Protein chains: 2
Amino acid sequence: MGTTQLESVPEPKYWHLKTVLTEALDSEFSVGEILPNERDLAARFGVARATLRQALEQLELEGRLQRRRGVGTTVAPPRVGVAVGAEGHTWPGATGDDWQPTDCTDVVPPAAVADLLETEQGEQVHTVRRSRVSQGRPVAAELLYIPHSSVPDLSAIDAPSGAARARAVLRELQHLELEGRDQAVELGSVSAEDAKELDRLPGAPVLVVTTRFHSGGRTAAVSVATYRADTCRLTFGGDIEIHHGPERRAS
Amino acid sequence: MGTTQLESVPEPKYWHLKTVLTEALDSEFSVGEILPNERDLAARFGVARATLRQALEQLELEGRLQRRRGVGTTVAPPRVGVAVGAEGHTWPGATGDDWQPTDCTDVVPPAAVADLLETEQGEQVHTVRRSRVSQGRPVAAELLYIPHSSVPDLSAIDAPSGAARARAVLRELQHLELEGRDQAVELGSVSAEDAKELDRLPGAPVLVVTTRFHSGGRTAAVSVATYRADTCRLTFGGDIEIHHGPERRAS
DNA sequence: CAGTGGTCTAGACCACTTT
DNA sequence: AAGTGGTCTAGACCACTGC
């Protein structure tokens, strides 16, 4: 029994590394600054590169770092607050929202969406693609599902697809009376498609916001919006300003 | 130019693996079923274990798998919807919420929280720890910050700490008039403390919900709640039921 | 072209749960 | 004790960005 148990539960190296790096970021680095490359950092801390990367990955997940292939690792700015639940009760495409429609096609929705829309299996619906830009950066990509029955007066002379048709569909939507809205937020990983639009590699973590729009006692539209989890903080019902890091507090 | 460019952008092995596994989960496995162990799976797909793990990690992130050390990898049930913004305008601790207070102490809050509370630097506030259980599983851990000025009539005869004092502080809170609430959601990784409570390893992804409670023109309390990102879908303003996987749709 | 982060390998050992 | 997932290593090559 002579042995002294200094650490009954030794913490993993990458966890300790993360702590050290966090403190260094708080005290010795400023936003936008470039860190030493991974091979140098690993050597400096005496660990394998894979171990260092495990720590960097977590810090990127927490929005503290930004890594870009071929460029390097930089200190990320504080997350942007993005209003998600506070725009009042308006349809997507109402004047003043900061979404930009890019395309419109007809597809058979995935089963999960068809359930929400209560459409028949195999029934086609309109899909409108939109992208959202905040402070000059792309923050979200959205896919809107709108049953044909929600926009019955869509003019035949409108373009069959593309941004022009997207605007036409959204314009028709405004004629309905919006009765309410449900929202849900969950974690996901970005699809190959959305990855390009969001300037991230496929698989990067995103916050998926599913919104159901109610009108006339049924679901008139469903929106699936994916927000960059590294750079965004979703705000509901107001604007909360949060900073992390002790140095940022006004004296 | 006789060469045929079949794949100008070859997709990573782990990404392809993830696709294959997703399809297998949808068609050949049912909830709770145990997958073969990682070494066997890696051998079966002809990849290194680390590569297989990269695919499993993503699937766990998306809530499709659950991995437990010493046990194995199982197919996860669909995420549970957890109401976050729909309980109406009530204080934490109001009768009927499914949070359970566990402890109460006085601390100097972190700078980010002190900013929200508009307390002086170094000023102590009450902290109430609570945990939330949904369908028999721990889903969230919360730390409530309540300035002394928000509960001025806290009786001196109440316990100085512990669950009893937590209940006393929350009871006093109900006397204030709640004027509004702000919320924000962002991605984080679970602290060592919360990890135990949520039955996850430190660093696991969580959804951090920061709520600010307004009363008398100021911020009367701040809640920082961390929800398990793998098992939770946060709902705002209603109940959306979402399923993934084609086989789950009712015929 | 050099330098960066991203992917992948084949091993080793550790912490944990179950038998 | 056996079997699982978690951590770690030392190396290799690839994809991308800039000069």
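In what follows, chains are A, B, ... by sequence order, proteins preceding strands, each numbered from 1. Note that this is a predicted model, so its numbers are computed, not measured.
Partner of B:Lys18 under the salt bridge (Lys or Arg N to Asp or Glu O under 4.0 Å) criterion, out of B:Glu60, B:Glu11, B:Glu62: B:Glu62 alone. Paired with A:Glu38 under the rule salt bridge (Lys or Arg N to Asp or Glu O under 4.0 Å), one option of A:Arg53, A:Arg44, A:Arg69 passes, and it is A:Arg53.
For C:dG3, the base has no donor-acceptor partner in the side chain of A:Arg39 [N/O atoms by modelled type, under 3.5 angstrom].
B:Val128 and B:Cys104 make their closest contact through CG2-SG, 4.1 Å (heavy atoms, listed as atom of the first residue, atom of the second, distance). A pairwise comparison of heavy atoms in A:Leu187 and B:Arg79 identifies O-NH1, 2.9 Å as the closest pair.
In this structure, A:Leu65 atom CG and C:dG6 atom C1' are separated by 16 Å, rounded to whole Å. The interatomic distance linking A:Leu56 (CG) with C:dG5 (P) rounds to 8 Å, in whole Å. Counting to the nearest Å, the C1' atom of D:dC16 and the CG atom of A:Asp199 are 12 Å from each other. The nearest whole Å value for the distance from the CD atom in A:Glu57 to the P atom in C:dG5 is 13 Å. One can place CG of B:Asp40 at 11 Å from P of D:dG3, the figure rounded to the nearest angstrom. When the C1' atom of C:dG3 is taken as reference, atom CD of A:Glu38 falls 12 Å away, rounded to whole Å. Distance A:Asp230 CG to C:dG5 P: 16 Å, rounded to the nearest Å.
For B:Asn37 and D:dG3, the shortest distance from a side-chain N or O to OP1 or OP2 is not below 4.0 Å. For the pair B:Thr73 and D:dT4, the criterion of a side-chain N or O lying under 4.0 Å from OP1 or OP2 is not met.
Side-chain contact check for B:Ser131 and B:Gln100: no donor-acceptor pair (N or O, by modelled atom type) lies under 3.5 Å.
Under 4.0 Å is where a charged nitrogen must lie from a carboxylate oxygen, and between B:Arg129 and B:Asp103 no such pair does.
Annotation for A:Glu33: atom CD counts as buried by contact number, over 12 foreign heavy atoms lying within 6.0 Å.
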Distances under 3.5 Å between nitrogen or oxygen atoms of protein and nucleotides 7-9 of chain D:
unit_1, atom_1, unit_2, atom_2, d
D:dT7, OP1, A:Tyr14, OH, 2.9
D:dC8, OP1, A:Lys13, N, 2.2
D:dC8, OP2, A:Tyr14, N, 3.2
D:dT9, OP1, A:Lys13, NZ, 2.9
D:dT9, OP2, A:Ala48, N, 2.8
D:dT9, OP2, A:Thr51, OG1, 2.4

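Comparing A:Gly70 and A:Arg67 against DNA chain C, the residue whose closest nucleotide sits nearer the 5' end is A:Gly70.
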